[in-house]
Amino acid sequence: MNDEETTGSVNFIQAAVMDDIESGRFDKRVQTRFPPEPNGYLHIGHVKAIAIDHGVAAEFGGEFNLRFDDTNPEKEEQEYVDGQIADMQWLGFEPANIYYASDYFDQLYEWAVELIWQGKAYVDDLSADEMREYRGTLTAPGRNSPYRDRSVEENLDLFARMKAGEFPDGARVLRAKIDMSSGNLNLRDPAMYRIRHAEHQKTGNKWCIYPMYDWAHGQSDSIEGVTHSLCSLEYEDHRPLYDWYLDQLEIYHPRQIEFARLFITHTVLSKRVLIRLVNDGLVEGWDDPRMPTVVGMRRRGVPATAIRAFIDRVGVSKTNSTADIALLDHYIRQELNLTAPRVMGVLDPLKVVITNYPQDRVEMLEAVNNPEDENAGTRQIPFSRELYIDRDDFQETPHRKFYRLAPGAEVRLRYGYFITCTDVVKDASGEIVELHCTYDPETKGGYAPDGRRVKGTIHWLSVAHALTAEVRMYDRLFAAEDPGSYDDFREALNPDSLVIIANAKVEPSLADAEAETVVQFERKGYFCVDSKDSRPGALVFNQTIGLRDSWAKIQGKG
RNA sequence: UGGGGGAUCGUCUAAUGGCAGGACACCGGCCUUUGGAGCCGUGAAUCGGGGUUCGAGUCCCUGUCCCCCAGCCA
């Protein structure tokens with residue numbers, strides 16, 4: 001349940017939509033769209049936009065569509081189109097229709113011709129550098145291009161020849177004729193078309209001129225009948241241009257409303273940086289579990305419901321803000337605590353011999369699959385004379401608040417027996433290689449009939465039955481809280497964002513675990529069966545997130 | 001006097017002239033066969049200065065600070 005539901009409060013976008021419904025501005029219709037450029041994979045920042053677009057449509061009984069803003073063939077690829085569609089599906093934000101701006105190229109061309117006829121668009125021969133110079137600066141007005149006053153006939157002819165492929169890339173552009181002295185630089189005769197002899201993933205080689213974002217976007221919204229064109233804050237000063245095109249053409253006119261983009265601590269959502277992380281091999285790919293992409297989070301084991309809950313909580317406003325990554329972590333734990341089956345996993349195995357337990361005996365002990373979900377049932381786990389425990393669950397000279405195994409100390413093996421450490425076996429270099437313990441046969445299941453209690457409960461695995469697995473311990477990709485403030489983002493990286501444990505041990509019940517299954521290794525954290533590299537017999541787990549660790553806090557205080 | 005936008009606990013938000021509330025984080029306690037989960041509790045905010053009003057986070061004036069814009073990217 002989110003704030004909107006509990007408090008009845010509405011954000012400024014919902015308020016605007018309600019106003020429009022009341023006034024009948026769009027015949028009480030609501031239609032939104034998510035317009036990504038297919039030049040990369042979707043990240044959690046996109047999810048916020050999708051959630052808003054989808055949410056507004058759903059809340060008011062409207063329609064939500066996906067439209068690819070595929071106007072720049074040099075950057076876009078079919079792989080990203082497919083990937084983005086799959087991501088939205090996985091997130092549970094299904095669009096009613098999938099559209100492409102490139103489907104409107106013919107109509108856009110006709111409208112451009114119309115603008116030329118109206119004397120509101122012209123072909124400019126200025127080079128890109130010259131155009132920049134003529135544009136002026138933030139504080140100084142620009143100057144008119146010497147080609148600004150070409151005749152309609154000449155413009156028509158030149159534009160047709162641009163389309164026909166008579167000119168090389170960059171030779172000319174079609175520009176809107178607005179106002180070179182406007183305080184809003186977007187209105188200083190913005191480019192509408194540029195020449196690019198490039199193959200488009202959808203239209204092939206049909207076109208060698210491609211529309212600019214501003215020229216394509218509003219008109220695409222108009223064609224589709226979008227009512228509320230929701231976008232991020234940096235488009236606020238594009239709105240006058242969005243409106244201008246629609247007004248000149250006198251076509252159906254949607255309303256653009258802007259909201260603040262999502263920023264998250266220890267995270268980079270800049271497309272430029274994400275692409276570099278991938279291309280420079282700093283991560284394994286777009287689906288590296290450390291990436292803030294949908295495919296990355298999915299591979300890490302983050303549930304879609306957790307992402308959506310996080311986005312919900314962050315809210316919608318016009319204030320630039322940076323959400324704490326801990327909030328996302330919270331929702332991941334909250335969801336997984338309820339749903340992830342518990343299992344025992346030993347990350348750094350230390351052998352324990354129960355000296356008073358019979359050599360060849362094996363007992364099956366009952367373990368609860370999920371204490372948060374009684375329907376999850378129980379399972380049997382094997383117990384025997386030789387066990388593994390995690391190395392950090394033993395201290396030879398224990399900290400005063402260390403409630404685990406130590407020489408002479410008694411602890412409970414989860415769902416097993418009470419054991420007491422009697423001997424510490426070391427190798428020549430002094431490293432502990434084995435522990436000898438005795439168990440109390442009366443404490444089977446973990447309860448002492450005499451009512452005595454132990455302070456600690458630790459997890460364990462039977463040596464003979466444990467499966468070996470690779471466990472990839474993922475931590476945040478960026479150590480810096482605000483990686484975006486670094487000149488070189490590489491300096492903000494966390495050198496320990498991935499630590500591979502090759503020889504971890506897990507319960508035999510995991511032998512046939514399917515890809516993307518997320519389990520909790522008790523007392524450790526949540527782990528996801530890797531969808532790319534895990535095989536039966538060669539399991540690979542990705543750490544989704546650790547459990548909250550109050551022992552780490554105690555240690556930190558000394 | 002280029003244009004556009006924004007300022008509420010540490011963080012993200014709520015309030016629509018009427019007790020500044022919640023979540024996360026933090027700290028403390030209880031409980032515990034996960035040092036998990038859960039439960040209880042503490043601390044913590046209206047950018048500054050004026051004004052209107054019985055009453056201002058909200059309205060008015062003024063100042064300050066922050067963000068975005070000079071692609072033939074989106």
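Letters go in sequence order (proteins before strands), and every chain restarts at 1. Everything numeric in this text was worked out from a predicted model, so none of it was measured.
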- prompt: Can you tell me the Watson-Crick or wobble partner of A7(B), both distances under 3.5 angstrom?
  reply: U64(B)
query: Just wondering, do W551(A) and G35(B) stack (centres under 5.5 Å, planes under 30°)?
result: yes
query: Cationic tip of K163(A) within the cone over Y109(A)'s six-membered ring, i.e. under 6.0 Å and within 45° of the normal?
result: yes
- prompt: Does K553(A) have a side-chain nitrogen or oxygen under 4.0 Å from the phosphate oxygens OP1 or OP2 of C27(B)?
  reply: yes
- request: Give one of base, sugar-phosphate or nothing for M212(A), where a contact means two heavy atoms less than 4.0 Å apart.
  value: sugar-phosphate
field: side-chain N/O R172(A) vs C72(B) OP1/OP2, d < 4.0 Å
entry: no
- request: Describe the nucleic acid contact of A191(A) in one word from base, sugar-phosphate, nothing, applying a heavy-atom distance below 4.0 Å.
  value: sugar-phosphate
- request: Would you verify whether the NZ or CZ of R143(A) falls within 45 degrees of the ring axis of Y134(A) while also being under 6.0 Å from that six-membered ring's centre?
  value: yes
field: First of N370(A) and N186(A) reached from the 5' end of RNA chain B, by closest nucleotide
entry: N370(A)
query: Under 4.0 Å between a side-chain N or O of S9(A) and OP1 or OP2 of A14(B)?
result: no
field: Side chain R404(A) and base G35(B) donor-acceptor under 3.5 Å
entry: yes
- prompt: Do K444(A)'s NZ or CZ and the ring of Y417(A) fall within the cation-pi criteria of under 6.0 Å and 45°?
  reply: no
